[in-house]
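Whatever order the structure lists them in is the order used to number ligands and atoms, beginning at 1. Each residue takes its place number in the sequence, starting with 1.
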Amino acid sequence: MPQQIWHQCLEVLRDEFPAQQFNTWLRPLQPELSEGYLVLFAPNRFVMDWVNQKYLRRIEEVIKDLEGGHAPRVNMKVGSASRPAQPASEGTRSATTEAHRRSNGNSASGLSPRKRAPVPDTDETGRVTEEEKGVAASVPASAGSRRSSVQVEGDVKHQSFLNEGFTFDTFVEGKSNQLARAASMQVAENPGGSYNPLFLYGGVGLGKTHLMHAIGNEIVARNPNAKVAYLRSERFVADMVKALQLNAISEFKRYYRSVDALLIDDIQFFARKERSQEEFFHTFNALLEGGQQVIVTCDRFPKEITDMEERLKSRFGWGLTVMVEPPELETRVAILMKKAEQANVRLSSEAAFFIAQKIRSNVRELEGALRLVIANAHFTGSEITPPFIRESLKDLLALHEKQVSMDNIQRTVAEYYKIKVSDLLSKRRTRTVTRPRQMAMALSKELTNHSLPEIGDAFGGRDHTTVLHACKKIVELQESDPGIREDYQNFMRLLTS
Ligand SMILES: Nc1ncnc2c1ncn2[C@@H]1O[C@H](COP(=O)(O)OP(=O)(O)OP(=O)(O)O)[C@@H](O)[C@H]1O
């Protein structure tokens, strides 16, 4: 069975590559056995070429190790496996897959010609859950924005907002977001044609929304007639519930299927909202079939979203899935310099470095800290120096010091050992990752009030016995290894002073 072989192979590869590489390039591949070959379907040509160049040899080796003399040769194609468990020929691929395939990588730059997809039949009276009704009641009729295009159809208002300040120019590139930025740029240059859908995921305040708006703004800059709809997923839910209540679901469908690009932020809020998921699924298919672009952000990898339909999660993997990671120190400094420049404030690199060292959680918090420092400097007419910053951020830093979070511990440990936070959470068992992971777990036990199972959960869903083992190991190592003892003391100082 291709799934079985591929699943085993993935388990091996997961330990060998950093989580971001694994999730971006290997996890979206779909296996199929065809004429003695294990065909791996990549969602687009870019992924196929990359996997061919970088991973195919290793994939073949692993398959050989697993299957011995019976190992099939591996071949790569663009598309998706026709039916997960059965080998199938080209001809059995679904119409949707064919359309998707045609829309991938084939269109010329610019917007694809509008091919309005037929509105699939959905259950117009489908049940709306209590949660969905709750969202409809709580989402205000209009959110703040700089530019809006409000369409009134029947009695339902559809709003799309783009923040004009969120552009590629104002987005600072660093190692942590390089791939996400490059993919976003390509989508903006060739909407509906390069990666569709584009799925951006990562922790809070790391720039996913910024990138999404940057794509929307760029599409509109290149084609002022382009219809770009940006909305948070709650707005989609609220609009849908309202449309159902007003008997205007056909207008709702027509509106969302008429856009050139649909940008949905924080898709994780669709969890448990079954009717919305269904509606979105159909909208999603119609847009992909029409060659229109879909961009989605989420706080986690698609397969890890709970309470979401499998078929929807699997659709997310059709295009390109890219992670945005927490920025490393240099990028945090560059972001601060850029934000200061935008605010017309002179910030020395020494001052930027000082703030970046203190605030490591996410870019939103970094921005907040800078705003506070700038406001204080304006108010008092002072120069922005490290002592002035320390004084301005006194309360914020005190709060940080009191609340050592696991997030903070993971970032600090990853930065110290020059690995990625995602490595700490991954299943990789190489020494370079295992020891830092044990250190981070032991520090979490020492410095937070979280229980062993909670700590295990926060480290990629590990068992509490693994955490206990890590704590014992670090105590032992502090006795026997002066290097580890020094590391531990450094962490205690970094995290608590
Ligand atoms: N690389 C970057 N360069 C410049 N600004 C950035 C960068 N990354 C994030 N920001 C800024 O940080 C703030 C938070 O970013 P954003 O809202 O895009 O985060 P997010 O990942 O969507 O978070 P959430 O999941 O909470 O919605 C924004 O003001 C954004 O401009």
Practice prompt. Show which atoms of ligand 1 fall inside a sub-4.0 Å distance from at least one heavy-atom site of Asp266.
Written response: 25 (O), 27 (O)

Worksheet item: What do you reckon, does His213 put a non-hydrogen atom under 4.0 Å from ligand 1?
Response: no

Worksheet item: If we only count N/O pairs under 3.5 Å, is Leu206 in contact with ligand 1?
Response: yes

Worksheet entry | Side chain Gln293, main chain Gly192, donor-acceptor under 3.5 Å | yes

Worksheet, complete the sentence: So the atoms of ligand 1 within less than 4.0 Å of a heavy atom of Asn177 turn out to be 1 (N)

Worksheet item: Only one of Leu393, Leu396, Leu347 forms a side chain to side chain contact (heavy atoms under 4.5 Å, CB included) with Val373, so which one is it?
Response: Leu393

Worksheet item: At what distance is the nearest protein heavy atom to atom 21 (O) of ligand 1, and which residue and atom is it?
Response: Lys208 NZ, 2.8 Å

Discussion item. The test is salt bridge (Lys or Arg N to Asp or Glu O under 4.0 Å); show your working for Glu251 and Arg254 and say whether it passes.
Written reply: CA-CA 5 Å; Glu251 283 83 2; Arg254 201 168 311 126; 5.1 Å; no

Fill in: Minimum-distance protein heavy atom relative to atom 17 (O) of ligand 1
Arg364 NH2, 3.0 Å

Worksheet item: Considering residues, nucleotides and ligands other than Glu304, do more than 12 of their heavy atoms fall under 6.0 Å from its CD?
Response: yes

Item to complete: Would you please classify the geometry between the Phe316 ring and the Phe280 ring as parallel, tilted or perpendicular, with 30° and 60° separating the classes?
Response: tilted

Fill in: Any N/O pair Ile335/ligand 1 closer than 3.5 Å
no

Fill in: Heavy-atom nearest neighbour in the protein, as seen from atom 23 (O) of ligand 1, with distance rounded to 0.1 Å
Gly205 N, 2.8 Å

Fill in: Which residue and heavy atom of the protein sit nearest atom 10 (N) of ligand 1, plus the separation
Val363 CG1, 3.2 Å

Worksheet item: Should the pair Arg311 and Phe281 be classed as cation-pi, given the thresholds of under 6.0 Å to the six-membered ring centre and 45° from the axis?
Response: yes

Fill in: Under 4.0 Å to a heavy atom of Glu367 - the qualifying atoms of ligand 1, by number
11 (C), 12 (O), 13 (C), 28 (C), 29 (O)

Worksheet item: Which of the atoms in ligand 1, numbered in the order shown and given with their element, are less than 4.0 Å from a heavy-atom of Phe166?
Response: 28 (C), 29 (O), 31 (O)

Worksheet item: When the ring planes of Phe252 and Phe236 are compared, do they come out parallel, tilted or perpendicular, using 30° and 60° as the limits?
Response: perpendicular

Practice prompt. Check each atom of ligand 1 against the heavy atoms of Thr170 and keep those under 4.0 Å away; list them by number with element.
Written response: 3 (N), 4 (C)

Worksheet item: For Tyr256 and Asp239, does a side-chain donor sit closer than 3.5 Å to a side-chain acceptor?
Response: yes

Worksheet entry | Distance-only N or O hit between ligand 1 and Val204, under 3.5 Å | no

